[in-house]
Amino acid sequence: MSARYPRPERRPAVVTGASSGIGAATALALAAVGHPVALGARRTERLEALAASIRESGGEAVVAPLDLTEPDAVEAFAAAAREGLGEIETVVSNAGAVAPGTTHEVSSERFARELDLAVVGAHRLVRAFVPAMVERQRGDLVVVSSDVAVRARPFMAAYAAGKWGLEGMAHALQMELEGTGVRCSIVRPGPTWSEMGSDWDAEEGAFVLDQWVRFGLARHPHFLKPQALADAITYVVQAPRGVHVSLIEVNPEAPVDAPEESR
Ligand SMILES: NC(=O)c1ccc[n+]([C@@H]2O[C@H](COP(=O)([O-])OP(=O)(O)OC[C@H]3O[C@@H](n4cnc5c(N)ncnc54)[C@H](OP(=O)(O)O)[C@@H]3O)[C@@H](O)[C@H]2O)c1
């Protein structure tokens with residue numbers, strides 16, 4: 001271990017939104033490379049099942065309820081994670097949600113709730129974990145953003161505003177944390193199969209998809225599997241000290257055109 005960039009062998013990691021999709025895949029991937037993991041989300045029965053499968057494979061996992069929109073719940077989650085695993089070396093801020101809606105028709109209360117989860121919820125996590133990382137002069141905060149942070153999509157303006165805001169906070173943090181030993185990284189997924197959008201009304205969902213096509217935002221039908229993002233997050237976290245992978249955008253590759261002779 002270099003004296004300049006010390007790092008312990010054991011690096012407990014927190015994953016928010018670990019009850020499905022990218023968060024669940026990330027928890028499994030981090031556990032598989034040796035990180036003890038603390039799993040947070042509201043559906044704790046799902047977290048318990050995931051933790052059991054991690055333990056069966058020889059990993060270490062603890063579960064604690066987490067609702068990022070409740071300040072006290074975030075603090076209680078952070079305390080439970082520390083109690084279960086020790087000082088937290090890595091935080092993956094992954095939880096998120098999106099609802100469809102026409103901007104001028106969505107109530108401002110709903111708009112504010114969406115921003116609260118995306119931006120203030122992530123800030124609550126920063127408050128709960130980053131000060132101790134700065135004190136120890138090491139740690140990783142990985143912020144899961146979205147391609148909408150740089151290419152907004154219509155009919156989900158609060159989600160786009162939330163991810164733009166989230167990346168704004170992360171960019172500011174990256175500068176503030178420079179020289180502290182704490183790395184803040186952004187992982188920006190493109191379209192990914194998960195439970196996101198599964199609670200949408202079917203007709204509304206079809207309308208929104210059509211509108212994305214209209215604006216050239218769904219040029220092909222391929223989606224990523226959550227594993228692709230889990231791999232990217234693991235890469236960011238596993239980067240050796242002295243290397244800061246500050247931003248990764250991962251998109252599904254388009255279907256390859258059939259060769260001319262087979263058409
Ligand atoms: N899927 C995509 O196409 C896509 C594209 C770009 C970016 N992303 C981003 O990737 C991240 C993961 O999403 P996903 O695609 O894996 O979707 P998902 O399967 O719906 O997972 C979302 C996770 O967030 C958790 N969550 C939601 N509200 C929460 C709250 N108030 N407090 C704590 N946890 C909460 C959910 O858990 P509970 O319901 O159990 O609390 C769930 O575990 C999100 O930040 C999303 O914006 C996804």
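Indexing begins at 1, ligand by ligand and atom by atom, following the structure's order.
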May I ask you to check whether [X] has an N/O atom sitting below 3.5 Å from an N/O atom of ligand 1?
X    : value
G17  : yes
D147 : no
M196 : yes

On a heavy-atom basis, I'd like to know which of L117, T192, D116, V143 is closest to atom 1 (N) of ligand 1.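 Comparing heavy atoms across L117, T192, D116, V143, the nearest one to atom 1 (N) of ligand 1 lies in T192.
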Using heavy-atom distances, let me know which of V92, N94, I22, D67 sits nearest atom 11 (C) of ligand 1.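 Comparing heavy atoms across V92, N94, I22, D67, the nearest one to atom 11 (C) of ligand 1 lies in N94.
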Just to check, does [X] reach to within less than 4.0 Å of ligand 1 when the distance is taken from its heavy atoms?
X    : result
P226 : no
S145 : yes
F223 : no
A25  : no
T16  : no
K163 : yes

Under 4.0 Å to a heavy atom of [X] - the qualifying atoms of ligand 1, by number:
X    : value
G21  : 16 (O), 19 (O)
S146 : 6 (C), 7 (C)
A95  : 24 (O), 25 (C), 26 (N), 34 (N), 35 (C), 45 (O)

Side-chain donor-acceptor contact under 3.5 Å, N251 with E249: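 Yes, E249 and N251 have a side-chain donor paired with an acceptor closer than 3.5 Å.
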Side chains of E176 and H171: donor-acceptor distance under 3.5 Å anywhere?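 H171 and E176 do not have a side-chain donor-acceptor pair below 3.5 Å.
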Within the structure provided, determine whether D231 and Q227 are in side-chain contact (heavy-atom separation under 4.5 Å). yes
Run D147 and R188 through salt bridge (Lys or Arg N to Asp or Glu O under 4.0 Å) and show every step you take. CA-CA 6 Å; D147 61 342; R188 193 188 284 157; over 6 Å; no
Between E87 and R136, does at least one N-O distance fall below 4.0 Å, as a salt bridge requires? yes
Evaluate side chain to side chain contact (heavy atoms under 4.5 Å, CB included) for Y159 paired with V148, printing each intermediate quantity in order. CA-CA 8 Å; Y159 182 71; V148 306; 3.7 Å; yes
Heavy atom of the protein closest to atom 6 (C) of ligand 1 (residue, atom name, distance): P189 O, 3.2 Å
